[in-house]
Enquirer: 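Below is the structure I would like to discuss, written out as structure tokens.
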Amino acid sequence: MVRFLVRRISLIVVTLLVVSLAIFLVTEVLPGDVASMILGQGATPSNLAAVREQLGLDRPAPARYLSWIANAAQGDLGDSYVQRRPIVDIVKGRLGNSLILAGFAFLMAVPTAILLGVWAGIKRDSLGDQVISIGSLVAISLPEFVTGVLLMVVFASTLHWLPSSSVLLPGTTPLDRPQILILPALTLTGVLLAYVMRMTRANVIEVMQSHYVRTAILKGLPMRRVIFRHVLPNALLPTISIVAMNVGWMLGGLIIVENVFSYPGIGRLLLTSIQGRDVPLLQAVALLIAATYAVSNLLADLSYSILNPRIRLS
Amino acid sequence: MTTTQTNNAPLMEVENLSVTFFTPAGAVRAVRDVSLQVQRNEVLGIVGESGCGKSTVGYAMMGYLPGTTRLGGSIRFEGQDITNISATELRKLRGNTIGMVYQDPTTSLNPVMRVGPQVEEVLRQHTRLSREQARNRTAELFESVGLAGPRRIGRRYPHELSGGQQQRGLIAMALACDPHLLIMDEPTTGLDVTTEATILDLILDLKDRVNAGIILITHNLGVVARGADRVAVMYAGHVVEQGPVRTIFKNPRHPYTAGLISCVPQPVTHEGEDHVLRNIPGSVYSAQEETKDACLFASRCPMATAQCTASAPPVVDAGDGHLSKCFYWEQVNSDVWSAAETTQSQAKDPNAAPILTVKGLHHFYGTPRRRFVFFGPIVGRPVRAVVNVDLAVKPGQTLGVVGESGSGKTTLARNVVGLIHRTSGDIKLQGEDLGPGVEDRAKGQRSAIRMVFQNPTSSLNPKLPVSHALMRPLKKFQGLKGPEARERAAALLQAVGLEPGHLDRLPGELSGGQQQRVALAATFAGKADLIVADEAVSALDVSVQAQVLNLLKQHQQEAGTSYIFISHDLGVVRYVSDDILVMYAGHVAESGPRNSVLRPPSHPYTEALLSAAPAPDPDAVPTRIRLPGTVPTLRQAFTGCFFAGRCPRKVGDICDTTPPPAQQGPDAPSHVIYCHIPAEQLKELQLQRSNGKQDEVSISA
Ligand code: SF4
Ligand code: SF4
């Protein structure tokens, strides 16, 4: 177990190094010059040079990469060019907001998906199952920006039940106005919910036909116990990996949803930093997203192995 | 005298049961008309070939028939009609007064739950035991089914147990609430022969210990012969014959029963003349077919008359509760399937120059790996599959290779055919070296060796008609042209007992037995000199198995082909082989002419195998040499004898430290036994045992 952790964590470190290099190279070739962005149209060449020197942009790329990585490893992500304050401070609040949104969506989607999936699997081919199955197919095929806009049109513009934009006043958190979370979370939930549900349903159906469930039924156990003790533990095991895989998916969805609803999270920050040529910020956010992805995968593997006695980590 | 009254009422009484499943592919009439009874303290064996409905009868008694089903007749258990009770009532019976044991223990246990709680759960459901009491009772149960270290076993997950241990666990589960009826559905099928023997011993031991009726459902006549008091023989959803076990085996009153019995190769210990296996032509009446007002066996029955196709025969009592569903039950005798023929053993030359020789064959899977690719300690070692095997196959003769799973027999076959590359050793065909892989061999060498697999579907293309499988080798190896090849293919099909009409069918439209015969015909078409058959008959029903075995023998006599015949079933190997090679854990334990191998002196492992196979004869006296534990894994390395871990005759430290020498048997120079015990002494020990056996008989008689 310890060996597994050491190996996986070092693997994550290597991955992040590679990712950071890729991010750095991409931002290197990004069009536009930071200094002229900062100084605006009327900047003189000497002013530009001064700004570049101040930002350290005159040093060769490898040196800049190394100092960036070295600082990042110590938790110093540098300063934002545009906002002129430490990136760590900017990112902290935004990351919190994103986690709240993602967590909210996750809590809405996963239990519902599992409940519906289990129910549909047990009541296979019933009317309810068919409705759920078709609904989930529709949900899977709609991308977030479509569902987001649709939801916005229906619940905000037409029904006026919920705010259409999720902007926050400075100094407040989404928890002060939870209603702004609902639409973005619903949008984010759609695909995840449908996907997890379909997988759960398929697994439940497969497990229900297994010999060990037959054994459980022929032990004379009540159906409830058969389902909770024998069907679910087996059917939900693969669901864990599906959910974990979807965490990565959700990160992608988060970027779109936050922008559709102008929600002040990390995804919105990513876009702002691109638009503002705020290279250090962009780099930091991209690296953060990659790290979240890697860690969530590790957590998924860990929980899978803890729940599945047939897998021994080594 | 009320007790006698209750004793007389049957524990389980099934009357005119019919079960039809409605599937997307059509109605399946699994059970058409079954009536039977079981009393307490009685073992009823239900035998029949696949698709006869025997398992469905078992599950119907549990009230478990999933899917869309139509049920007719009644199933009365202790006076309650199971077909007609509420789900709650049913739950009170299942696992409580009726226990069940399943065919495949590995898939029948919940993989993510420890074994102990899986048994405790039954106790907690049906009794008032506390958690603690249930745990103690489970340990007792495990102990009673021969699981050593019951508490430790209870904390294991199913995948940490061997197949035999899993089956013991399931038996313990079925026994948990002292059931009145125990239904066992193929409880020993799929286990290794030596494990099967120990599980069968356990079942027989239960018979005396528990005060329950037992229903033993199996396709294995040897298992019923050893275990059952009464037998019901099923065919096409009917019980065609029913009666006390000795009567059924010695004096069958239905042609199907008589046929089944004569399909099974004689017990391996049988001495003297061998009989040609009789076989039942055609294949089992399909459950997809309608029930007709006729005898459903008529199309395969040698005694059928016009009456048999005009009306269904009634069930008649031949006396003493011996029931038969045949018009002509009085005329049934052992010769209805043609008179007994002894195998004409054409004088085969035991000293003929071999067509194939294998010397010092080793096969290891995997390559050595180091921790840091190029340096560091070795972390992955190759695992042994075959170690130092020598063999010779003589022209027109058969070498039988026998061993349990993990013995390396399939690896051996694949090396000979060239499907995998040997690690070292020589293989020579007609004195010429054979390259390691098929691609290294000359064209003539390639076509000289053909392989038949256990699963015929793997050698037949499901999308192409049967004619393709047959005509391709005819064109490729015999240079025949279109119409000519087709004619020859039709003739081949007839030779394997199929119709020329089958040429245009797809493999999927044929039954498993028919597919295997097509695969054989295709192999014969290639005019190979050597056919390697790997478990080629293991998946077949006995009646079909007999057809295929006879076909192989007949082809050998006509074409002079040599065979390497691989099987875990010593009875079958004995029937077809001239020489036998016994393998264990990748090593040769013993090899030599058939009779020398099967008679004392034998290697202790051969001796155990011989004693493990249940004979299809209720009078056979079981010999009790049982192997504890399981076949060692491929990773296990041996410092001494490969069999030392399980050998019942182990002589001491030498077995653990020194690999056994090859010693020659006394009767034939080619008879080799790998054991530290001198052959003479082995012979004495083994003869002593069989004499001891005689004594047992006289005591019990
Ligand atoms: S009734 Fe006729 S066809 Fe059926 S088993 Fe008897 S003799 Fe054969
Ligand atoms: S050498 Fe020893 S362990 Fe091996 S078979 Fe002979 S007696 Fe048994």
Side-chain angles (χ1 to χ4, degrees), chain A residues 3-4 6-7 10-11 14 114 118 121-126 129 200 203-241 301-314, chain B residues 24 55 58-59 61-68 87-115 117-127 155-160 166 169-170 173-174 176-177 179 183 185 371 379:
Chain A
R3 262 183 67 188
F4 168 82
V6 168
R7 226 185 39 220
S10 37
L11 208 65
V14 173
I114 289 175
V118 168
I122 291 168
K123 302 262 174 223
R124 184 185 182 187
D125 293 336
S126 66
D129 172 35
T200 311
N203 292 332
V204 166
I205 288 176
E206 196 192 309
V207 171
M208 290 283 282
Q209 289 167 343
S210 69
H211 287 169
Y212 54 84
V213 167
R214 180 183 69 193
T215 309
I217 292 172
L218 295 186
K219 281 176 181 177
L221 303 177
M223 210 49 204
R224 211 170 351 104
R225 191 172 165 87
V226 172
I227 288 174
F228 281 101
R229 292 284 293 178
H230 296 273
V231 177
L232 292 191
N234 284 289
L236 294 187
L237 266 181
T239 310
I240 294 172
S241 349
D301 284 357
L302 277 181
S303 50
Y304 188 80
S305 71
I306 287 167
L307 293 173
N308 189 347
R310 277 167 299 183
I311 294 189
R312 286 274 162 274
L313 298 176
S314 61
Chain B
S55 292
Y59 284 103
M61 291 179 188
M62 282 296 242
Y64 182 77
L65 297 166
T68 323
T88 326
E89 294 286 318
L90 201 54
R91 264 212 327 266
K92 284 188 193 144
L93 300 180
R94 289 172 173 171
N96 187 15
T97 40
I98 313 183
M100 188 148 185
V101 175
Y102 313 89
Q103 164 161 9
D104 189 344
T106 309
T107 57
S108 297
L109 286 165
N110 184 342
V112 302
M113 202 169 162
R114 291 172 204 275
V115 181
Q118 299 199 41
V119 178
E120 286 159 31
E121 190 177 47
V122 187
L123 290 164
R124 302 269 293 156
Q125 179 66 33
H126 297 293
T127 65
R155 283 192 299 270
R156 301 257 181 94
Y157 286 100
H159 72 273
E160 296 169 321
Q166 288 170 344
L170 276 163
M173 190 186 288
C177 301
I183 303 172
D185 182 21
R371 167 75 61 77
V379 281

Enquirer: Met100(B) vs Lys219(A), test: side-chain contact (heavy atoms from CB on, under 4.5 Å). Steps then yes/no.
Expert: CA-CA 8 Å; Met100(B) 188 148 185; Lys219(A) 281 176 181 177; over 6 Å; no

Enquirer: Is there a side-chain contact between Pro222(A) and Gln125(B) in this structure, where contact means two heavy atoms from C-beta onward sitting under 4.5 Å apart?
Expert: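 In short, these two side chains touch, coming nearer than 4.5 Å.
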
Enquirer: Using 0.5 Å steps for rounding, measure from the CD atom of Gln118(B) to the OH atom of Tyr212(A).
Expert: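 Output value for this atom pair is 10.5 Å.
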
Enquirer: For Ile217(A), is it the side chain, the backbone, both, or neither that has a heavy atom closer than 4.5 Å to a heavy atom of chain B?
Expert: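 Backbone plus side chain of Ile217(A), per the 4.5 Å heavy-atom cut-off to chain B.
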
Enquirer: Quick one: are Leu237(A) and Val112(B) in side-chain contact, heavy atoms under 4.5 Å?
Expert: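 The answer is yes; the side chains approach within 4.5 Å.
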
Enquirer: Got a sec, which pairs hit salt bridge (Lys or Arg N to Asp or Glu O under 4.0 Å) with one end in residues 88-98 of chain B, sequence neighbours left out?
Expert: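 Every candidate salt bridge (Lys or Arg N to Asp or Glu O under 4.0 Å) pair involving residues 88-98 of chain B fails, so no pair, neighbours aside, qualifies.
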
Enquirer: Less than 3.5 Å apart, any donor N or O on the side chain of Arg214(A) or Tyr59(B) sitting next to an acceptor on the other?
Expert: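 Yes, side-chain donor-acceptor contact under 3.5 Å.
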
Enquirer: Is Leu170(B) in contact with chain A via its backbone, its side chain, both, or neither, using a 4.5 Å heavy-atom distance?
Expert: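 When you check distances to chain A, only side chain atoms of Leu170(B) fall under 4.5 Å.
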
Enquirer: What distance separates Leu218(A) CG from Ile183(B) CD1, expressed to the nearest 0.5 Å?
Expert: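 Between Leu218(A) CG and Ile183(B) CD1, I get 9.0 Å after rounding to 0.5 Å.
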
Enquirer: I need the minimum non-hydrogen distance between Asn234(A) and Pro111(B), along with the two atoms involved.
Expert: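 Reported closest heavy-atom pair: OD1-CG, 3.3 Å.
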
Enquirer: Would you indicate whether the side-chain heavy atoms of His211(A) and Leu109(B) approach each other to under 4.5 Å?
Expert: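 Contact flag for Leu109(B)/His211(A) side chains = no.
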
Enquirer: Show every salt bridge (Lys or Arg N to Asp or Glu O under 4.0 Å) that has at least one partner inside residues 225-240 of chain A, sequence neighbours left out.
Expert: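 Output for this query lists Arg225(A)-Glu121(B).
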
Enquirer: Would you give the length of the straight line joining atom CG of Leu221(A) to atom NE2 of His126(B), rounded to the nearest 0.5 angstrom?
Expert: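 Output value for this atom pair is 6.5 Å.
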
